[in-house]
Amino acid sequence: MHNAAQRREKADTAKAAAAAASAARAGVPHAWAVCDSMDHHEPMPCHRPQFAIAAAVLALGVDVLLVGHGVSLAGPNPLFNLPPRRGADAEGVPAHKNSLGAVIGMHDPAMGWSAYSQSMAVPHLMSSFVVFRATAASARVAAWLGAAEDTRDADVALTDELLLPACDARVRSGATFRVLPSECFSSHGVTGSVAQAAMAFESVRDERRGEYKAPRSGEDPNAILTTETFDDARRVVLRDGPISDGDANGNCAAIDPKERIGPAPRKLRLIAEPTGPFPVACAEFPDLCAVVSKVANEKRQVLAAVSNSNILYMLGLFVDGLKSSNITNAVVVALDAETAAWCKQRDVPYYHRELTSLTGSTDNHATSGLKFRVLHEFLSVGVSVLLSDVDVVWMRNPFGGTRAARGELGVVKTHTDETAIYGDADVEGMTDGWDDVSAYGFDFFGTNRVPTRRLVARNSGLFYLSATHEARRMVQRLAERVATEKNTWDQTAYNEEQVYLWSSDAGAAGGGGPAPAGVSQRVMNYMCFQNTKYLFRYMRYDDRLYDGAKGRSLRPVSAHVNYHPEKPQRMVSLIAQYLNNEIDAIGKWSWSEGMASGKACTARPSEKGKPTPKTSSGLFETVKARAVAMAGRGVSGTWAGHSGFVLSDDGGLKTPWGEGTWGAIPTLDTAEAGGTDRLFFDFAGTKHMVEGFTTEKQKGGELFMTSVRCADGEKVEIVL
């Protein structure tokens, strides 16, 4: 054991002994909590003894009010002012009475079209004043907090366990939380209340955020955009070893329950009993029941996508991914007759359900908002749903199963996928986060330095709902909001319903209305259920996960083209690479907007407005020397197999399609240019770019180069 840990345990033991002695002298009842330790053969003082004692009392069926050092009591016994049980497992005080959750926008100009994105923040809960109701979920939380050997302060630990989602091996209990009435119970420094919580713990620097320092006032919301910490998620996908050839393409299976860490999750309250009839409520939803009966797998799960006739081309690409990954329990929710006919013609299972958005629009955002009404129907018949937008390419079967894949030389092999769905929470959602910090949560100081836990929003275009009463209540609330709140983005509402605190003063999130659904939550591994910011901006440049030249890559379960405007075009490239084995097909795309070659491809040296060669380029000098030698022999090169391609040393060129210019592209000071030596070849009103060359001695030392057409990325071979 580390010396620091030994000193801490020795100090904790001394404090506990001194407190017990003082209580005994004063005639006050007292208890001394001991917990099992990973580093000792015998029980040791608990890391957070107050929670361990609370767990022991909760096991007797008695509610517990924990009051810590520093709490100010200004009235009668606080127990007299506690409200009766109100449906929550725990109740307490946030760091600020008016802080019940917030949507925090971020601006990343480098991303172009998707520069704006959202994150969610919830205030720290004050561990010095918290009520645990005598429920199984709260008892598990208290026991875990008491025994867990970690470095989090008690406020952060309590907040994480009650408010943050599970992720990978880290599970949560699913306990629900409600804020105590603020007129009686408040955070530190608020006068007039019966009890004031102690001051919040001082922040501890998050090592994952590098040299970050907590600000004295509100933190810059965009500071998080610089984080690039991938160790936690990478450890999961590489648990079977490094990425290599064949099936050595990563592991996205759900982690074995025996290897998970944290309090056991609460039992899901399913709408259809596992041993009872299925589907249910068929008198109300006969058409849906007929579809579900044929499509659902043995675990009563389906993958559902909502579509209308505006996006049939993308729907076709989406279906290609389903078929290649052998996802046979998928159904398309057809919002119009044309889409239903399209599905029927292609033998794609569908549920014809015509709905109209609040504005009457049929664009992507309007259509997306309708899904909550449809999901309510699916859950009502007892089927769990993996909801997917159609701009998603599926590369593995998320439910587990076999799939055929064409390997080298056209050989078809059978691959086996294990389930990637954990199924231990009401909601299991894909994140818009791009690393461990942004996806799984971090400390953030809001206005007036209110301490919060913050994480990037989960995407409303890909999530799994267990068929539980809580999940159905959530989508019912969302359906009502989207139908009545004209300016509410469905993704914002989806996150608010999961994150915002349940207030005692003004209903859910301080906005009135009924109690929140109380869903338990899990966030999906962002390397397995990928968004395209992570895929194109980070994964492609992680040499432990991707080697484009050798055709090696982590194979995710899915890739959601949510961060980029070229949705169908990028889907085509993803299908070409991951489903049809084309090497580095995604390499032509920028991690921002457009083609990877975009800025470099169109950059030109200039002299009085005219393109000129740049003789400082090594590649230019090599090609120029070759052109001079060819001119001396009176021979020409070929472009895409067509002869008559002639370069001159002054930057001119002749082609079968007309004359043009060529030269060195100036080095660009951008992340994607990387100072690469490139050439341009412009003719027939079209720009082209070349990077590097190879030689074939057995063919007389010809130079072989690959040209990329700037407009669409088409590649052709040049031989000089």
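Just so you know, these numbers use all the heavy atoms, side chains as well, and skip hydrogens, waters and symmetry mates.
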**Report entry** Any residue meeting side-chain hydrogen bond (donor to acceptor under 3.5 Å, both in side chains) with Asn531, in chain and number order, not counting sequence neighbours
**Finding:** none
Query - His96 backbone acceptor or donor facing Ser99 side chain under 3.5 Å - result: no
Query raised in the report: Partners of Gln521 by side chain to side chain contact (heavy atoms under 4.5 Å, CB included), sequence neighbours excluded?
Result: Pro165, Arg458, Gln498, Val519
Report summary line: side-chain hydrogen bond (donor to acceptor under 3.5 Å, both in side chains) filter on Tyr494, not counting sequence neighbours, yields none
Query - Pair Glu161-Ser173, side-chain donor/acceptor within less than 3.5 Å - result: no
**Report entry** Partners meeting side chain to side chain contact (heavy atoms under 4.5 Å, CB included) with Ser388 (sequence neighbours left out)
**Finding:** Leu303, Phe318, Val392, Trp394
Query raised in the report: Is the backbone of Gly189 close enough, under 3.5 Å, to the side chain of Gln196 for a donor and an acceptor to pair up by distance?
Result: yes
Query raised in the report: Who are the disulfide bond (SG atoms under 2.5 Å apart) partners of Cys184, not counting sequence neighbours?
Result: none
**Report entry** Any donor-acceptor pair under 3.5 Å from Arg140 side chain to Ala264 backbone
**Finding:** yes
Query raised in the report: Is there side-chain contact between Phe278 and Glu273, with at least one heavy-atom pair below 4.5 Å?
Result: no
Report task. Please determine, by modelled atom types, if Ser119 and Arg454 share a side-chain donor-acceptor pair under 3.5 angstrom. Result -> yes
Query - N/O donor-acceptor pair under 3.5 Å between Asp435 side chain and Thr229 backbone - result: yes
Query raised in the report: Centroid-to-centroid, Tyr440 to Tyr526, below 6.0 Å?
Result: yes
Requested in this report: Could you tell me the separation between the OH atom of Tyr534 and the CZ atom of Phe230, rounded to the nearest 0.5 Å?
Outcome: 6.5 Å
Query raised in the report: Quick check: does any side chain N or O of Asn495 sit under 3.5 Å from a backbone N or O of Ala457, one acting as donor and the other as acceptor?
Result: no
**Report entry** Distance (rounded to the nearest 0.5 Å) between Arg239 CZ and Arg234 CZ
**Finding:** 15.0 Å
Requested in this report: With sequence neighbours left out, write down each residue that passes side chain to side chain contact (heavy atoms under 4.5 Å, CB included) with Thr468, or none if nothing qualifies.
Outcome: Leu268, Leu270, Asp426, Ser466, Glu470, Ala471
Report summary line: Correct closest heavy-atom pair for Val93 and Ser186 would be CG1-C, 3.3 Å
Requested in this report: Give a yes or no on whether the backbone of Met527 and the side-chain of Gln530 come within a donor-acceptor separation of less than 3.5 Å.
Outcome: yes
Query raised in the report: Do Glu91 side-chain atoms and Phe132 backbone N/O form a donor-acceptor pair below 3.5 Å?
Result: no
Query - Closest approach of Glu497 to Leu478 (non-hydrogen atoms, all atoms of both residues) - result: CG-CD2, 3.6 Å
Query raised in the report: At their closest point, which heavy atom of Ala88 faces which heavy atom of Trp502, and how far apart are they?
Result: CB-CZ3, 4.0 Å
Query raised in the report: Is it true that the NZ or CZ of Arg48 lies under 6.0 Å from the centre of Phe51's six-membered ring and within 45 degrees of the ring axis?
Result: no
Query - Gln491 versus Asp432, side-chain donor and acceptor atoms under 3.5 Å - result: yes
